[in-house]
Number of protein chains: 2
Amino acid sequence: MSHSPKRPLTLRDVSEACGVSEMTVSRVLRKRGDVSETTRSRVLAAAKELGYVPNQIAGSLASQRVNLVAVIIPSLSNMVFPEVLNGINSALENTPLQPVVGVTDYLPEKEERVLYEMLSWRPSGVIIAGLEHSDAARAMLQSAGIPVVEIMDVDGRPVDAMVGISHRRAGREMARAILKEGYEHIGFMGTKMPLDHRARKRFEGFTEGLAKAGIEIEDRAFYSGGSALAKGREMTQTMLERSPDLDFLYYSNDMIGAGGLLYLLDQGIDIPGQIGLAGFNGVELLQGLPRQLATMDACRVEIGAHAAQIILNATSDEPDPEIAQQVTLTPTISFGDTLQRYRKR
Amino acid sequence: MSHSPKRPLTLRDVSEACGVSEMTVSRVLRKRGDVSETTRSRVLAAAKELGYVPNQIAGSLASQRVNLVAVIIPSLSNMVFPEVLNGINSALENTPLQPVVGVTDYLPEKEERVLYEMLSWRPSGVIIAGLEHSDAARAMLQSAGIPVVEIMDVDGRPVDAMVGISHRRAGREMARAILKEGYEHIGFMGTKMPLDHRARKRFEGFTEGLAKAGIEIEDRAFYSGGSALAKGREMTQTMLERSPDLDFLYYSNDMIGAGGLLYLLDQGIDIPGQIGLAGFNGVELLQGLPRQLATMDACRVEIGAHAAQIILNATSDEPDPEIAQQVTLTPTISFGDTLQRYRKR
DNA sequence: CTGAAAGCGCTAACAT
DNA sequence: ATGTTAGCGCTTTCAG
């Protein structure tokens, strides 16, 4: 209740406290070398004594430079995005740039609002998930006059730079791996999210991959909300009751895959002999399951780090024009214990 | 590579485009009512046509008002914090305020740096995890002249407001519940994080609760890094080999608890008959496990929502002085399937 | 309802 | 090495 009503300190206060011009105080505080050691220490002492915290609002306005990078992602509840953030964070750790996060909940209108909000702070760059944006959002990105990196997906045309994996290809590769192991009766489970374009592309790539071998998905189910692990259990049970002939289940994310795995183990079903399983994402969680679920690593941390590098380069004094603006990372498939049928442990 | 080099648009550009003074344009864009409908629509049309995005840097400097709330948390990798953020986000959803997140990695020096960075943007309020801060950080919080809410913990003295649970009490209550069920040989597993004060307080409360009944922890282990689920497995195995007489395992978080649970089920051990288990946090994940791990809900979303309300109130034109500045939430214990020994399913 | 003037706190660009 | 001047793009305040 008692936040001190004192007017925040200004450069002037420090200046007066140490008898040095505002300009010189400013120089010291910005660590510019051209100040004598004597005044430097005097200024620093006064600033610390007073507890002065510079006002970046004024500083940014005057210098026409903002050390902020807008990061726009769909959600924080899916561990994928915090991991991307960690990649961005560490790449930006010892630079002047600072990430600021906005969350869209997978809603295009909210993405538009959040983007507008962030751009109104005139950040030095934008990192935004996905390649699908409303026309208005795309227009804002284009005319912002700052570097823009679209991340996580490369199946589409970016506004500027892009770093990600091909989800379509990820789906195809998984289909190929599954077929190669001799599975033929395949079920799919995923989230009911028409706006999750990456999940959609994986699914499309997957069916495409199967189609090449003349195979079709035999059953599918979609969920929304709730604990993914629990949903994985339920859906798996339901699907197998409905389609007992399935010999492989492909899950659009590792959490429901893990739920399915736990359920099948409970049932005493032979994995991967009777039924094979695979998920997507390579979440750390899987390490602790009784069996390792087959999955595909989405390169989350690298994507974040790389995107941050692109912004860093673009905002540096002499940008290296050689730096790739379109980066396609290759997800590695881990077979774990649930996909290689004929090489059982 | 082609972010347009165009100078960002200013109010003046819009003003010229529609033949209305900058001042009036500004009024329209800030949705102040005192503008005629005619000019209003003319201005809006011009702004949209040009793709004008206001400059909040200049706006905030001029108005001495910043619609930002600094949120400072230790980590994004532990789902607890994203959940708190969700609580904050939704409480701030339809208000002018916007959260900005900073991450400290549980390091006091980094907390200090992050806080300094955030305060330099002159936010309208601060929400910060924990009650333990360096002297410098506390000084900054005190002299910032803005509302400060310390969250997640109430065992200590806040700078200003506080919202959380008592981790010490949570530990004690769990001890009580365990003893009540007749368990007597108790092991503890947790993270090796001297700087995680909340985990430490839970542990202290726990030993205290046991001590009241003349009981001591018989074995303990701490881990750091790696997949919590996998660590839970390993540690549980190691501990039971070392101390085969244990009849209860208390885990400082649900993830390692879940790992332990999976391990014990693999081993065919009777839970909760032979060995009882409990974790902490009430993570959604648990819903999908073969057995429900006993746990305690840390009220994450509520904490975030409540903290945001306090900031909202404090920054509103007429703050309600009645609004509680110290809020202690009560975690509810869920017994699940792993704690009630004599009431087996 | 609309406009003109002043200035928010800082830094770029020049002095000295 | 230090100081001076003039704004950055907006909003506040006060006049019409």
Side-chain angles (χ1 to χ4, degrees), chain A residues 6-44 46-47 50 52-68 96 117 119-124 144-145 317, chain B residues 6-44 46-47 50 52-68 96 117 119-124 144-145 317:
Chain A
K6 291 196 296 281
R7 164 189 60 73
L9 299 168
T10 69
L11 262 190
R12 172 175 223 119
D13 296 307
V14 182
S15 164
E16 284 170 359
C18 64
V20 175
S21 79
E22 286 186 39
M23 199 52 232
T24 302
V25 173
S26 167
R27 286 196 180 97
V28 172
L29 265 25
R30 276 177 297 147
K31 302 178 185 162
R32 293 193 32 154
D34 49 0
V35 183
S36 82
E37 194 45 55
T38 337
T39 46
R40 216 183 87 80
S41 53
R42 211 141 51 98
V43 169
L44 250 23
L50 296 177
Y52 172 68
V53 177
N55 184 333
Q56 294 229 44
I57 308 247
S60 298
L61 182 61
S63 66
Q64 304 281 66
R65 243 196 308 280
V66 183
N67 63 355
L68 262 25
E117 276 282 328
L119 289 181
S120 74
W121 287 101
R122 299 290 188 265
S124 292
D317 298 325
Chain B
K6 291 198 296 281
R7 164 189 59 73
L9 299 167
T10 69
L11 261 189
R12 173 177 221 118
D13 296 306
V14 181
S15 164
E16 284 170 358
C18 64
V20 176
S21 80
E22 287 186 39
M23 197 51 238
T24 303
V25 173
S26 168
R27 287 198 181 93
V28 172
L29 265 25
R30 276 176 300 148
K31 302 182 184 153
R32 296 193 29 157
D34 49 359
V35 183
S36 80
E37 194 45 55
T38 337
T39 47
R40 216 183 86 81
S41 52
R42 210 140 54 96
V43 169
L44 252 21
L50 296 177
Y52 172 69
V53 177
N55 184 334
Q56 294 231 45
I57 306 247
S60 297
L61 182 62
S63 65
Q64 303 283 68
R65 242 195 306 279
V66 183
N67 63 356
L68 262 24
E117 276 283 329
L119 289 181
S120 74
W121 288 101
R122 300 287 186 268
S124 292
D317 299 324

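Residue numbers start from 1 in every chain, and the chains themselves are labelled A, B, ... in the order their sequence lines are given, proteins ahead of strands.
Between B/S63 and D/dC10 there is no side-chain N or O to OP1 or OP2 distance below 4.0 Å. Phosphate proximity of D/dA1 to A/T24: absent, as no side-chain N or O sits under 4.0 Å from OP1 or OP2. Contact check, A/S26 against C/dT11: a side-chain N or O comes under 4.0 Å of OP1 or OP2. The side chain of A/Y52 places no N or O atom within less than 4.0 Å of a non-bridging phosphate oxygen (OP1 or OP2) of C/dG9.
B/R65 places no side-chain N or O within donor-acceptor distance of the main-chain N or O of B/G59, the cut-off being under 3.5 Å.
At a threshold of 4.0 angstrom between heavy atoms, the contacts of A/R30 are confined to the sugar-phosphate backbone, with no base atom among them. Using a 4.0 Å heavy-atom cutoff across all strands shown, B/D34 reaches at least one base atom of the nucleic acid. Backbone-only contact: A/R65 has heavy atoms under 4.0 Å from sugar-phosphate atoms and none from a base.
Listed candidates were D/dC10, C/dT2, D/dT2. Nearest to the side chain of B/L11 is D/dC10. With C/dT11, D/dT11, C/dA13 as the choices, the nucleotide that has an atom nearest any side-chain atom of B/A62 turns out to be D/dT11.
In this entry the distance linking CG of B/L61 with P of D/dG9 reads 12 Å, nearest Å. Rounded to an integer number of Å, the gap from A/Q64 CD to D/dG7 P is 13 Å.
For C/dG9, the base has no donor-acceptor partner in the side chain of B/R122 [N/O atoms by modelled type, under 3.5 angstrom].
Ion pairing between A/R40 and A/D34 fails under the 4.0 Å rule for side-chain N and carboxylate O.
By the 4.5 Å heavy-atom criterion applied to side chains, A/V53 and B/E117 are not counted as neighbours. Side chains of B/V43 and B/L29 form a contact here, defined as non-hydrogen atoms less than 4.5 Å apart.
When the nearest nucleotides of DNA chain D are assigned to A/M23 and A/G33 by heavy-atom distance, the more 5′-ward of the two goes with A/G33. Each of A/V53 and B/T39 has a nearest nucleotide on DNA chain C; the 5'-most of these lies closest to B/T39.
Note that OG of A/S26 is 8.5 Å distant from CZ of A/R32, once rounded to the nearest 0.5 Å.
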